[in-house]
Number of protein chains: 2
Amino acid sequence: MVTKQFKGTAVDEADLRRADSLAREIFSDVANKWALLIIETLGERTLRFSELRNEVEGVSHKMLTQNLRMLERNGLVDRTVYPTVPPRVEYTLTVSGQGLRKTVDAMCEWTHRYFADIESSRRRFDG
Amino acid sequence: MVTKQFKGTAVDEADLRRADSLAREIFSDVANKWALLIIETLGERTLRFSELRNEVEGVSHKMLTQNLRMLERNGLVDRTVYPTVPPRVEYTLTVSGQGLRKTVDAMCEWTHRYFADIESSRRRFDG
DNA sequence: CAGCATCCCTCAAGATACTG
DNA sequence: CAGTATCTTGAGGGATGCTG
């Protein structure tokens, strides 16, 4: 996230600042619990809204909608509407979404790897 | 994050459920903007509270304290207090903290890699 | 300097209800 | 079924002041 400054070169620093603030904005969008859980749950599958609702433990209708819109806006998920009655809407990760998913997978692996450490650290801290 | 159920084996399902809910709790602690930015900022360095405050763009005194406590509790950062006047407190990532940092690095790389895609996707969506 | 406590307010998020 | 809109609440987070 740290942007090199290239001070004294021809690089326009205003551009760098814009890019940096945009990067932080993307990071803020993506670095939140629900977004990451949705990405992890989607994985390589295609799921309907209601299926996601069931699989993402504890997410409300509203939060799911909001986060899916945000992920769609950033081009991380594709949204396909089938104009049937009742409507059917399917979500799937895009290429960039899959890319992010790999990093979320790594976070999950990290959780399992240090699970015991974390648990004991908590006990030490709390006691 | 998905825990295999091993249905019909000797594995105690209650244990699995406890582990699963703990994993989700850890994930919720860690998967938030400030925690990840702090981890990324610390990197391989050792920083004082005030240095972190300056380097983590936009973080308030209170949020920084809260998140550092949380990270300390989970054993991701070490906190060293030098009993001088005025006091000096230094923070550094632990081994597990470094492990998580690698995944955050990957997220940052992802941001830069898909930066242009995301920007254009946003324009398409907003227009 | 770092941390804690207090106050206060905004906005995030749940509940509910209505539409295509 | 999926999405949007409205209302309401309370927790998140800022500002301030005090302490070791």
Item to complete: Take the protein atom CD of Gln66(A) and the nucleotide atom C1' of dC11(C), then report the distance between them rounded to whole Å.
Response: 11 Å
Worksheet entry | Polar side-chain atom of Thr103(B) near backbone of Gly99(B) as donor-acceptor pair, under 3.5 Å | no
Worksheet item: What class does the angle between the rings of Phe115(A) and His112(A) fall in, given that below 30° is parallel, 30 to 60° is tilted and above 60° is perpendicular?
Response: parallel
Worksheet item: Do Asp29(A) and Asn74(A) pass the side-chain hydrogen bond (donor to acceptor under 3.5 Å, both in side chains) test, and can you show the C-alpha distance, the side-chain angles, and the key distance before you say yes or no?
Response: CA-CA 9 Å; Asp29(A) 267 7; Asn74(A) 287 316; 3.0 Å; yes
Item to complete: Classify the side chain of His61(A) versus the base of dG3(D) as yes if they form a donor-acceptor pair under 3.5 Å and no if they do not.
Response: yes
Worksheet item: Just how far, in rounded Å, is P of dG3(D) from CE of Met70(A)?
Response: 15 Å
Worksheet item: Can you check the Leu52(B) CG to dA2(C) C1' distance for me, whole Å?
Response: 12 Å
Worksheet item: Taking OP1 and OP2 of dC1(C), is either one under 4.0 Å from a side-chain nitrogen or oxygen of Arg48(B)?
Response: no
Worksheet item: Please give, in whole Å, the distance from dA2(C) P to Leu64(B) CG?
Response: 10 Å
Fill in: Atom-pair distance (CE on Met63(B); P on dC11(C)), nearest Å
16 Å
Practice prompt. Find the distance Asn32(A):CG to dG12(D):P and express it as a whole number of Å.
Written response: 14 Å
Worksheet item: Does a side-chain N or O from Arg69(B) land closer than 4.0 Å to OP1 or OP2 of dC4(C), or not?
Response: yes
Fill in: Distance (rounded to the nearest 0.5 Å) between Leu64(B) CG and Ile38(B) CD1
5.0 Å
Worksheet item: Is the phosphate of dA2(C), meaning OP1 or OP2, less than 4.0 Å from a side-chain N or O of Ser50(B)?
Response: yes
Worksheet item: Mapping Arg79(A) and Lys62(A) onto DNA chain D by nearest heavy atom, which one lands closer to the 5' end?
Response: Arg79(A)
Discussion item. Side-chain N or O of Tyr91(A) versus OP1/OP2 of dC1(D): is the shortest distance under 4.0 Å?
Written reply: no
Response to the item:
Per nearest nucleotide of DNA chain C, the residue lying toward the 5' end, Pro86(A) or Trp34(A), is Trp34(A)
Worksheet item: Across the strands shown, which category fits Tyr82(B) at heavy-atom distances under 4.0 angstrom: base, sugar-phosphate, nothing?
Response: nothing
Worksheet item: According to a strict under-4.0 Å criterion, is Ser60(A) in side-chain N/O contact with OP1 or OP2 of dG14(C)?
Response: yes
Worksheet item: Leu68(B) CG to dC4(C) P: how many Å, rounded?
Response: 11 Å
Worksheet item: Side chains of Arg122(A) and Glu25(B): does their closest heavy-atom pair fall under 4.5 Å?
Response: yes
Discussion item. In this structure, how many angstroms lie between the P atom of dC1(C) and the CD atom of Glu90(B), rounded?
Written reply: 15 Å
Worksheet item: Within the structure shown, what part of the strands sits under 4.0 Å from Arg53(B) by heavy-atom distance: base, sugar-phosphate, or nothing?
Response: nothing
